[in-house]
Amino acid sequence: MRWSKLFIPTLREAPSEAEVPSHQLLLRAGYVRQLSAGIYSYLFLAQRSLNKIMNIVRREMDAIGAQEMYLPALNPAEIWQESGRWQVMGDNMFRLKDRFQRDMCLGMTHEEVMTSIARGELRSYKQLPQIWYQIQTKFRDEPRPKSGLLRVRQFLMKDSYTFDMDAAGLDVAYQKHYEAYCRIFDRCGLKYTVVEAHSGAMGGSQSHEFMVASDAGEDLIVVGEKSGYAANLEKAVSRPVPPALPDPEGDLAPEEFHTPGRKTIEEVAAFTSLPATSQIKSLVMVADGKPVLALLRGDHQLSETKLASVTGAAEARPAHPAEMRDWMGADAGSLGPVGITKMRVVADLALEGRRNMICGANKDDYHLRHVTPGEDFQAEFHDLRQVAPGDTEANTGEALKIVKSMEIGHIFKLGYKYSQSMGLRVTDEHGKEVTPIMGSYGIGIERILCGAIELFHDADGMMLPSSIAPFQVVITPVNSKDAALREASEALYKECLAMGVDALLDDRDERPGVKFKDSDLIGIPFRLTMGKKLGQGLVELYVRNGKQVTDVPVAEAAAKIKQMIG
RNA sequence: CGGGGCGUGGCUCAGCCUGGUAGAGCGCCUGGUUCGGGACCAGGAGGCCGGUGGUUCGAAUCCACUCGCCCCGACCA
């Protein structure tokens, strides 16, 4: 296409509302414009890039036998009520009423619609397995949209759903998706990490997330490069650093001591001259309305996600001060497990086997020393702790890294949650009715673009992989008024097109500097600069990522580009 | 929902404290000169200063309310 005819509104300066690199560059490079909080218009360049991403996704989904569909975004309340998610989704779901006052909503994801199709049509085991997918707009009324296209209220998702007769079938479908996702992200040129993930409100047993390392991300992942361990922080396990001081020996009895004004772990540590690792941190939590006392080593953080899993609660929150006073008889800062019988007590595994520790006495301004878990109080031991910097991999002892990342894909073994609640049944080979098992799998289309930008950019703009860049090469005559340059550029442009190279001709009547700055900004991976050397039959090949320049004979330029984009 | 910040031509921002006829740079339009990393000269267009109400002779400026956007937290299949 010819730049002079295109709408590519680049900006010299980033609009002040943008903070993360991908947001700034998408705006500056004229890819997107914001309409409202978390709602964006995708202009020509963004749409072109997203189309390329979607085509890669389609090819790879089709390759595993997935069938593309297109489901409605506008849903009746009924199916969401059946699955129970009309309630669960709360304010995150956009809801509306039709003219007859019937409740409707905008789809946040499509388990319900897919399952309703399946239950209406699938009758026999002979029809399974099925892999169905779509690429469609999702709506989520995010409490806080942010970071440009990273967290928005309307976005594109490739979502697929599998239906299998049994867990073994689901394993196969899951593995196919895992591999297809790797191929998709590889082809999109991304660097990513696959991590074990928490299944969250989706329900289900196993799940993996595909993550791109970025400070703009909202997740933390735990990675051990040598051991290959990778998990979301919500789920990650590790070997903690050993206690800073060995526990006192002997069968000592708990002993109360006065700790006036010492409430935090640090204050008690300073007061007793004993490290935080010698203390028991006691957190009063409320899991689905019921109090739970969670115990951790003093230097450890509670993972609320793990606590919720352990208690089977949908959500866990810290207790309010009044609740603590009521249940424990003291305020936060003086709480402990000794003598607590009315509520469930769960302790982190790092406390198992410890002896003679310090904890609150459930009496304001008093603590206990010589408290031994399992003897002086009873607790269930579970993994409740959040992995901390310095922790090592559980099996190999390798130092683990914690990396800020953004999620670009997520695969789930759903199990029977939707097929059961919505009544999907088929007959098996014995004529008996059985409930198929499901999986669901998502890719955030825009996040692939954002991830690529976050990963590959410099002060001058984006450096997009050629597979997802809006154009693969830009042909730039340095002076459009020079007839020889213009004609040679035109010819080279046509030659590129003829060879199937997605070329852009910068035929604007602009000074070269403007053209260079613009093409750098919008991230076209290659540029053929047609200038003075045309007299010697040469054109300059400029590689955006790294900015290397080489001279190439004009006659070979198109073929060279073709070869470089693979 | 709690905390913070910001709303002034398309973009970045000044002006506000101390009320008195709305500014700069970039961008845009016209003409000319230029042409290898965001050119130069000359001329020009473009703003109910987010909105409403109040105070005042007079409000971008002071006060109240309100809307919007951004950031932190809570939340997040």
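Throughout, protein chains are lettered first and strands after them, A, B, ... in sequence-line order, and every chain is numbered starting at 1. Keep in mind that this is a model prediction, so the values were computed, not measured. Note that these values count all heavy atoms, side chains included, but never hydrogens, waters or copies made by symmetry.
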> When the P atoms of rA22(B) and rC75(B) are considered, how many whole Å apart are they?
Replying inline: 50 Å

To the nearest angstrom, the CG-C1' distance between L150(A) and rC71(B) comes to 15 Å

Legend entry - Same-atom distance (C1') from rC17(B) to rG53(B), integer angstrom: 24 Å

Closest of rC71(B), rC76(B), rC35(B) to the N92(A) side chain is rC76(B)

Practice task
Tell me whether the centres of the aromatic rings in F185(A) and F210(A) are closer together than 6.0 Å.
Solution key: yes

- Whether over 12 other heavy atoms sit under 6.0 Å from K547(A) NZ: yes

Inset, instruction - Kindly confirm or rule out a cation-pi arrangement of R48(A) over F471(A), judged by NZ or CZ under 6.0 Å from the six-membered ring centre and within 45° of its axis? - result: yes

Examine Y441(A) together with H410(A) and report whether their ring centres are nearer than 6.0 Å.
-> no

Salt bridge between E446(A) and R151(A), side-chain N to carboxylate O under 4.0 Å? no

Between CD of E13(A) and P of rG25(B) the distance, given in whole Å, is 14 Å

With sugar-phosphate meaning primed atoms plus P, OP1 and OP2, does Y542(A) contact a base, only sugar-phosphate, or nothing at under 4.0 Å between heavy atoms? base

Between the NE2 atom in H300(A) and the CG atom in L283(A), the distance rounded to the nearest 0.5 Å is 13.0 Å

| said: Looking at D458(A), I'd like to know if its CG atom is crowded, meaning that more than 12 non-hydrogen atoms belonging to other residues, nucleotides or ligands lie closer than 6.0 Å. | reply: yes

- Verify the contact: side-chain N or O of T529(A) to OP1 or OP2 of rG36(B), cut-off strictly under 4.0 Å; return yes or no. no

Picking from rC35(B), rG38(B), rG37(B), the nucleotide nearest the side-chain atoms of R511(A) would be rC35(B)

Against the side chain of R12(A), the closest entry in rC13(B), rG36(B), rG27(B) is rG27(B)

*asked:* Is there, by distance only and without an angle test, a donor paired with an acceptor across the side chain of D520(A) and the base of rG37(B) below 3.5 Å?
replied: yes

Under a 3.5 Å limit on both distances, the Watson-Crick or wobble mate of rC65(B) is rG51(B)

Using Watson-Crick geometry (N1-N3 plus N6-O4 or O6-N4) or G-U wobble (N1-O2, O6-N3), each under 3.5 Å, rA74(B) is paired with none

Walking RNA chain B from its 5' end, the first of Y40(A) and K515(A) to be reached, judged by nearest nucleotide, is K515(A)

Against the side chain of V514(A), the closest entry in rA39(B), rC72(B), rC11(B) is rA39(B)

Applying the 3.5 Å cut-off to both distances, the Watson-Crick or G-U partner of rA59(B) turns out to be none

(message) I'd like to know if R508(A) reaches the base of rG38(B) with its side chain such that a donor and an acceptor end up less than 3.5 angstrom apart.
(response) no

To the nearest angstrom, the CG-C1' distance between L11(A) and rC28(B) comes to 13 Å

Closer than 4.0 angstrom, basic N to acidic O: yes or no for E111(A) and K417(A)? no

Under-3.5 Å donor-acceptor pair between R527(A) side chain and rG37(B) base: yes

The answer to which of L35(A) and M530(A) contacts RNA chain B further toward the 5' end, by nearest nucleotide, is M530(A)

E19(A) has its side chain closest, among rC70(B), rC76(B), rG38(B), to rC70(B)

Residues in residues 211-221 of chain A with a heavy atom under 4.0 Å of RNA chain B, by number, are none

Answer yes or no: is there a donor N or O on one side and an acceptor on the other, between the side chain of T162(A) and the main chain of G439(A), under 3.5 Å? yes

note: E17(A), atom CD; rG7(B), atom C1'; distance rounded to Å ~ 11 Å

(message) With no hydrogens and no angle check, just 3.5 Å: does a side-chain donor-acceptor pair link H23(A) and Y40(A)?
(response) yes

Next on the checklist: Need one value for P15(A): base, sugar-phosphate or nothing, where a base atom within 4.0 Å counts as base even if backbone is also close, heavy atoms only.
Outcome noted: sugar-phosphate

When you compare the protein's N or O atoms with those of nucleotides 22-24 of chain B, which come within less than 3.5 Å of each other, and at what distance?
none

Quick check with a 6.0 Å cut-off and a 45 degree axis cone: is K413(A) positioned over the face of Y174(A)'s six-membered ring?
yes

From CD of E142(A) across to P of rC69(B) the rounded distance in Å is 15 Å

Any N or O donor-acceptor pair under 3.5 Å from the base of rG38(B) to the side chain of E510(A)? no

Original post:
How far, in whole Å, is rG23(B) from rC48(B) if one measures between their P atoms?
Top reply: 14 Å

Closest of rG27(B), rC75(B), rU12(B) to the E304(A) side chain is rC75(B)

Discussion item. Would you measure the distance from the C1' atom in rG15(B) across to the matching atom in rA59(B) and give it in whole Å?
Written reply: 14 Å

Answer yes or no: is there an ion pair linking E68(A) with K158(A), defined by an N-O contact shorter than 4.0 Å? no

Partner of rU30(B) under the Watson-Crick or G-U wobble criteria, both distances under 3.5 Å, comes out as rA42(B)

Work out how far the P atom of rU61(B) is from that of rU21(B), and round it to whole angstrom.
14 Å

Using Watson-Crick geometry (N1-N3 plus N6-O4 or O6-N4) or G-U wobble (N1-O2, O6-N3), each under 3.5 Å, rU21(B) is paired with none

When rounded to whole Å, the NZ to C1' distance for the pair K547(A) and rG36(B) reads 14 Å

Practice task
Give a yes or no on whether a donor-acceptor pair under 3.5 Å exists between the nucleobase atoms of rC11(B), that is its base, and the side chain of R28(A).
Solution key: no

Separation of rG2(B) atom P from H320(A) atom NE2, nearest Å, is 15 Å

**Prompt:** Within 45° of the ring axis of W80(A) and under 6.0 Å from its six-membered ring centre, is that where the NZ or CZ of R95(A) lies?
**Reply:** no

Looking only at rC76(B), rG37(B), rC69(B), the nucleotide nearest the Q34(A) side chain is rC69(B)

* Asked: Distance between the P atoms of rA74(B) and rG54(B), in whole angstroms?
  -> 43 Å

Check: Looking only at atom C1', what distance separates rA24(B) and rU18(B), rounded to whole Å?
Finding: 23 Å

Review point. What interatomic distance, in whole Å, is found between P of rC63(B) and the corresponding atom of rC76(B)?
Key: 39 Å

Practice item. Give a yes or no on whether Q536(A) atom CD has more than 12 heavy-atom contacts from other residues, nucleotides or ligands under 6.0 Å away. Key: yes

Ranking rG38(B), rC13(B), rC76(B) by distance to the side chain of R151(A), first place goes to rC76(B)

Of rU12(B), rG38(B), rC71(B), the nucleotide closest to the side chain of R144(A) is rC71(B)

Is there any protein nitrogen or oxygen under 3.5 Å from a nitrogen or oxygen in nucleotides 66-68 of chain B, and what are the pairs?
none

For M93(A), answer base if it contacts any base atom (sugar-phosphate contacts may also be present), sugar-phosphate if it contacts only those atoms, and nothing otherwise; contact means non-hydrogen atoms under 4.0 Å. nothing

Scanning all shown strands, the Watson-Crick or wobble mate of rG37(B) with both distances under 3.5 Å is none

Salt-bridge test for R486(A) and D507(A): reply yes if a basic N is under 4.0 Å from a carboxylate O, no otherwise. no

Check: Are S480(A) and D509(A) linked by a side-chain donor-acceptor pair shorter than 3.5 Å?
Finding: no

Rounded to whole Å, the CG-C1' distance (D460(A) to rG37(B)) equals 9 Å

